[in-house]
Every structure is written in C-alpha cells, then in structure tokens.
Amino acid sequence: MKKSFIIFILGAWGTVSHAQDTAYVSRDKTTALFFKSAVKLISKPTSDFDVTQKEDALITIKALDANFTPTRIKVQDVNTAKVYHIPVEYSYGRAGKRIDVDGATPMTIRVIKSAEFNYNNVIAQLVTGKRKDVVDHEKTGGIKAWIDKLSLAGNRIFFRLDIRNKSNLPYEIDFVRFYIRDLKAVARMATHEQEIVPLITTLHKKTTIGHKQEIAKVFGFHRFSLSEDQALNIELYERNGNRHLYLQLKQKDMDDLKTITPAAQQPVNAIAANTL
C-alpha cells in the first residue's frame, strides 16, 4: 500500500493542475490571458468562441455566440508542464479585460516573438518628463485623462496615458480597453470593432489614484494603421464607480508620430558573458 502511494505521488509530479479565475468574454470584446512564460493550448476550442495564441505567453478569447454553455479551456506551461484550467463564461459587462494568470506581472518588456529590440529605454523616455504632444483628453467627476507622447519605436507604437484626480474620492482603475472602430459606425456594433491588446504596459492591477495625485502609464502595441474613417478608442473604466473616460486616437494623429530608436537586444551569449 505504501509503495502504491509513493508511485501515485511521483506520477502526480509530472503534471500540476491549477484552477484560475473566470475569463468572461463577449462578441465585441476580446479578453486577454497573459502568462509568466510560454504556454500551449491543450484543449480543443469549441465553435462558440475564438481562442487565438497571439504570442508565446499571450492568448486572446472572443465569443462568436452569446448562447453557449460555460466551459473551460486547458493551457499548459511549455517549461514546467503545469496545466491551467480556465473557466470561460459569456458576460458583456465583464468581458474585454486583461487577466494575469498565476501571478504574471504587467510587462515592461515582453516581446517574446521579436527579440530584436529592448524597449527599456523607450519606456524610460516616455514615462518621465512633462506631458507634451497631447492627442486627446477628457474629464469627468474630477478625473481627467490625456493621451500624449505618441511614438514609433521599432515595430511598436507607444503612447502615454496620464490620469489626474482632483476629486476627494480615490479613483481605482478597473481596466483599460483598446479597440479600432469606424468613426461612422453605430455604437456597439461588433462588426465594426477590432479589439487590440497592448503587448507592453506599465499599468499595474488595482492601481488607485488618490486626491490631487497624477500618474503616467505607457502602453505599447504591435504596429497598426488607421484609415481616415477609423479611430483607436481608449476606454478607461473605474472599479465600483461610473467615472469612465473615453478617448480617441485618429489617423491624423498618426501623421505626427515621433520616432524613438530602441536599443538592440543583446544576444543570449552576450548577456550570459556580462553576468560572469
């Protein structure tokens, strides 16, 4: 009996399963799952929703049909064989968020498929200094936000999001949503929206802005373009509140992109040599 128990324990070490928070999806919002390292899908997606592996450690989910039974997807860590069981349910209000799976941290540099550049110097330039080259701004309930420092670095487009709180109430950020939509489209028409997910962000989960405080956060995306009839919409949502902010980046703003030269990524053997 004891021998059988030991064999069972040794077998269990091979694959470790972990339950995760629910990933809520809808037909016009993309939910992004970020992992600490490279993963692979090991369960077959159903026809009710679309599951796409955007990067080695990034998976996006979007519903194709609102009437599907809650299910789970299984994702396995390539290096450790750890298996994540991620529940998937339909919810328009709670969809479109970023989920950091198993303690994955917000990325300052996570360009897994493109190791050509190191974007640390780009982020440092954008996050510091005064606000300038403002693209759009909006305010509500004592909260004001600006989009500024729109830049091109390598094959990434960056901008800075400044948020200031002049109200007496703390402002806790729930999530920020980004999507491209036709300017003349009817609001909330899924066929006219293209959700995009930042590959680089300095915004941490559960960020709260106190009275008379201001923060500056940087976002980086795969290089994209806009037609004259399109805009990148940036929606900032307050947790447990209604002071949401809506900003836009239009095609004319892309004409004034500032260029920043990112540092070249060091080869692996060079990095190893520098640590000796």
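Summarising the geometry of N165 relative to I209, their closest heavy-atom pair is ND2-O, 3.0 Å, with the distance given to 0.1 Å. Closest non-hydrogen pair, D253 versus L150, comes out as O-CD2, 3.4 Å. Residues K149 and T128 approach most closely at NZ-O, 2.6 Å, considering heavy atoms. Residues R156 and L152 approach most closely at O-CD1, 3.4 Å, considering heavy atoms.
Side-chain atoms of I143 and E238, non-hydrogen and from C-beta on, never get closer than 4.5 Å to each other. Between I180 and L232 the shortest side-chain heavy-atom distance falls below 4.5 Å.
Comment: D50 does not engage K62 in a salt bridge, judged by the lack of any side-chain N to carboxylate O separation of less than 4.0 angstrom. Between R164 and D162 there is no salt bridge, since no side-chain nitrogen of the basic residue lies less than 4.0 Å from a carboxylate oxygen of the acidic one.
Counting non-hydrogen atoms of other residues, nucleotides and ligands closer than 6.0 Å to CG of N242 gives a total of 12 or fewer. Other residues, nucleotides and ligands contribute more than 12 heavy atoms inside 6.0 Å of the NZ atom of K144.
Checked by atom type, the side-chain pair Y171/Q213 shows no donor-acceptor distance below 3.5 Å.
With F221 as the fixed residue, the ring pair (Phe, Tyr, Trp, His ring centres under 6.0 Å) test singles out one of F159, Y119, F158: F159.
Atom CG of residue N240 and atom CG of residue D174 lie 7.5 Å apart, to the nearest 0.5 angstrom. We find the CD1-CD distance between I147 and Q248 to be 11.0 Å, quoted to the nearest 0.5 Å.
The backbone N or O of L203 lies less than 3.5 Å from a partner atom in the side chain of T201, making a donor-acceptor pair. Without hydrogens or angle criteria, R160 side chain to L126 main chain gives a donor-acceptor distance under 3.5 Å. Between the side chain of Q76 and the main chain of A81, a donor-acceptor pair closer than 3.5 Å is present.
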